[in-house]
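One structure below.
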Amino acid sequence: MKVLLLGSGGREHALAWKMVQSPELEKLYVAPGNAGTADIAENVNIPVTNFEAIAGFIAEKDIEMLVVGPEDPLVEGIRDFLQRDSRFGELMIVGPGKDGAILEGSKDFAKQFMKRHGIPTAAYMTVTPENVSEGQRFLTTLQPPYVLKADGLAAGKGVLILHDLKEAQQELENMLGGKFGKASSRVVIEEFLKGIEISVFAITDGKDYKILGSAKDYKRIGEGDTGLNTGGMGAVSPVPFADEVFNRKVEEKIVRPTVEGLKKDGIDYRGFIFFGLMNDNGEPAVIEYNVRMGDPETEVVVPRLKTDLIQLFRAVATGRLAETALASDDRYCTTVMLVAGGYPGNYEKGNVISGFEEIEDSIVFHAGTKLADGQVVTNGGRVMAVSSFGRKMTEALQRSYMNVAKINFKDMNYRRDIGKDLLELGAKH
């Protein structure tokens, strides 16, 4: 089978790494890809939202399956665009249409969806410039901290958590005034949920679903969850506190009602669903939906999958997921993200990376890298993820950090406390 994968991050390298293990794969193309995907597939220099160029490439190369990694092309409607083209009647697409991708594309839509289908989530109000005074009043009814979310896609930067009421009221005006561009032309104010965050990943063919696993990622740049938010500094899978009882609640109260809700709403959703959850004393509630895999969670969830990914994707695209068995490695997998100095603020690109060829017993997933003059150089804020297995979480983490020490590039930075909070919960891991 000839497959085109869209994206250029660690998520896409992890998906590519798993897909090339399938005997069904004839050829894998990645657009635009990175230095890691170039090692195992053929990179194609096409932006993920250039739908005309993507369609032309699919037709030229007789691509049989399209796997969409990031959210932007999904929210902008790549599935709908291709399905309107008579040339692609047989093309298998992994990723929802525009009507499903709005689950991530609009926070307001997601909240209304959850309310309509009885899915546990925080109290909220959607504010526009027309009802900003009502929004200011709603903030006074909440206990701090106050959560403000840009309604649209803001590259992971559209969420503010503020402890002062007056500051929250001012930031509400700033956001509606264009702080995050068009994404914050509407703002969702949310009640702050207390507890421990966990990400759960599922895949659906529109009728049935499979739960791929859970992970905990680490968003803040600094140790002890301090400093600015990032795209993610590391992850652990599975999550120790997600025991059988908790997982059953997640499935019964959240995953199943979400898939059934999509069906009831007439949305033929085929692809990944990322459930960003809060565990509040053993009770799960949804913080957000994403319509693709997370990053760096993919770098710990996908390595644990024993199932052939091409077969799984074929089942999703053709509506035969119920016939496919899913198997996972029972070991822990951890990943540590190496980032450029200055990230998530301003940072340099083009610095040569060395030492990753010497890695043993870990998998290096490239994120922000590219090839330049025969060398691998930095090409983004998050540069590489080092993923490792272990019977215990401590073993997996030690292996990741041992191999992180072998890699070097100018001003390289990483968190040294991934998984520490989970270990401090007292579990024997």
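Please read these numbers as outputs of a predicted model, since none were measured by experiment.
A distance-only check finds no donor-acceptor pair linking the side chain of Thr369 to the backbone of Asn34 [under 3.5 Å]. Between the side chain of Ser22 and the backbone N or O of Met19, no donor-acceptor pair lies under 3.5 Å. Side chain of Arg79 to main chain of Gly95: a donor-acceptor pair is present (N/O by atom type, distance under 3.5 Å, no hydrogens or angles). A donor-acceptor pair is defined here as one N or O able to donate and one able to accept, closer than 3.5 Å; no such pair exists between the side chain of Lys210 and the backbone of Ala202. Judged by distance alone, with hydrogens and angles left aside, the side-chain atoms of Ser400 form a donor-acceptor pair with the main-chain N or O of Val386 at under 3.5 Å. Judged by distance alone, with hydrogens and angles left aside, the side-chain atoms of Arg331 form no donor-acceptor pair with the main-chain N or O of Ala396 at under 3.5 Å. Under a 3.5 Å cut-off, the side chain of Lys306 and the backbone N or O of Leu326 do not form any donor-acceptor pair. At least one donor-acceptor pair closer than 3.5 Å links the side chain of Thr141 to the backbone N or O of Phe138.
Taking the six-membered ring where the residue is Trp, Phe81 and Phe51 present tilted rings, their angle falling between 30° and 60°. Aromatic ring pairs are classed by plane angle as parallel below 30°, tilted from 30° to 60° and perpendicular above 60°; the pair Phe113 and Phe109 is parallel.
With sequence neighbours left out, the side-chain contact (heavy atoms from CB on, under 4.5 Å) criterion links Ala122 to Lys111, Glu190, Glu191, Leu193. Phe88 meets the ring-ring contact (aromatic ring centres under 6.0 Å, His included) test with no other residue; sequence neighbours excluded. For Pro144, the side-chain contact (heavy atoms from CB on, under 4.5 Å) partners at least two apart in sequence or on another chain are Tyr146. For Glu42, the salt bridge (Lys or Arg N to Asp or Glu O under 4.0 Å) test picks out Lys27, with sequence neighbours left out. Asp80 is linked by a side chain to side chain donor-acceptor pair (under 3.5 Å) to nothing, counting only residues two or more places apart in sequence or in another chain. Every residue meeting the side-chain contact (heavy atoms from CB on, under 4.5 Å) condition with Val316, not counting sequence neighbours, appears here in chain and number order: Ile203, Arg270, Leu321. The side chain to side chain donor-acceptor pair (under 3.5 Å) search around Arg248 returns none, not counting sequence neighbours. With sequence neighbours left out, the side-chain contact (heavy atoms from CB on, under 4.5 Å) criterion links Ala38 to Asn43, Leu371. Residues forming a salt bridge (Lys or Arg N to Asp or Glu O under 4.0 Å) with Asp85 (at least two apart in sequence, or on another chain): Arg87. Residues passing the salt bridge (Lys or Arg N to Asp or Glu O under 4.0 Å) test with Glu251 are Arg256, sequence neighbours excluded.
For residues 97-106, the side chain to side chain donor-acceptor pair (under 3.5 Å) pairs, not counting sequence neighbours, are Glu104-Arg292, Ser106-Asp151.
Contact record, Leu4 with Ile63: N-CG2, 3.8 Å, taken as the closest heavy-atom pair. Heavy-atom minimum distance, Val48 versus Pro32: CG1-CD, 3.9 Å. Nearest heavy-atom pair across Val30 and Ala41 is CG2-CB, 3.8 Å. Between Asp225 and Asp417, the closest heavy-atom pair is N-OD2, 4.4 Å. Residues Ser362 and Ser388 approach most closely at OG-OG, 2.6 Å, considering heavy atoms. Nearest heavy atom pair, residue Ile196 against residue Lys216, reads CG2-CE, 3.8 Å.
Interatomic distance, CD of Glu299 versus OG of Ser237, reported as 11.5 Å (0.5 Å rounding). Taken to the nearest 0.5 Å, the CG atom of Asp208 stands 9.5 Å off from the CD atom of Glu323. From Phe180, atom CZ reaches atom CG of Asn174 across 9.5 Å, with rounding to the nearest 0.5 Å.
Side chains of Thr49 and Asp72: a donor-acceptor N/O pair is absent below 3.5 angstrom, by distance only. In this structure, a donor-acceptor pair under 3.5 Å is present between the side chains of Thr258 and Tyr289. For the residue pair Thr298 / Asp295, no side-chain donor-acceptor distance below 3.5 Å is found, with atom types taken as modelled. A donor-acceptor contact closer than 3.5 angstrom links the side chains of Glu297 and Ser199.
Using a cut-off of 4.0 Å between Lys/Arg side-chain N and Asp/Glu carboxylate O, Lys219 and Glu197 are scored as not salt-bridged. A salt bridge is absent between Arg304 and Asp330; no separation between the charged side-chain nitrogens and carboxylate oxygens falls under 4.0 Å. With salt bridges taken as basic N to acidic carboxylate O contacts below 4.0 Å, one links Arg116 and Asp265. Taking a cutoff of 4.0 Å between a charged side-chain nitrogen and a carboxylate oxygen, Glu24 and Arg314 qualify as a salt bridge.
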**Asked** Between Thr126 and Tyr124, is a side-chain contact (heavy atoms from CB on, under 4.5 Å) present by the stated rule, with each step listed?
**Response** CA-CA 7 Å; Thr126 300; Tyr124 80 102; 3.6 Å; yes
**Request:** Just do the side-chain hydrogen bond (donor to acceptor under 3.5 Å, both in side chains) check on His366 and Asp39 with the steps written out, would you?
**Result:** CA-CA 10 Å; His366 291 234; Asp39 257 355; 5.7 Å; no
**Message:** One pair to check against salt bridge (Lys or Arg N to Asp or Glu O under 4.0 Å): Glu260 and Lys264. What are the steps and the verdict?
**Reply:** CA-CA 6 Å; Glu260 289 177 353; Lys264 284 175 189 168; 5.0 Å; no
**Message:** Does Phe57 form a ring-ring contact (aromatic ring centres under 6.0 Å, His included) with Tyr29? I'd like the steps, not just the answer.
**Reply:** CA-CA 10 Å; Phe57 185 82; Tyr29 298 95; 5.0 Å; yes
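For the pair Arg416 and Tyr414, the cation-pi test (distance below 6.0 Å, angle within 45°) is passed.
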Could you tabulate the donor-acceptor pairs under 3.5 Å formed by side-chain atoms of residues 279-288, not counting sequence neighbours?
from: Asn279; atom 1: OD1; to: Gly282; atom 2: N; distance (Å): 2.8
from: Glu283; atom 1: OE1; to: Lys253; atom 2: NZ; distance (Å): 2.8
from: Glu283; atom 1: OE2; to: Lys249; atom 2: NZ; distance (Å): 2.7

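For Glu360, the CD atom is loosely surrounded, since the number of other residues' heavy atoms within 6.0 Å does not exceed 12.
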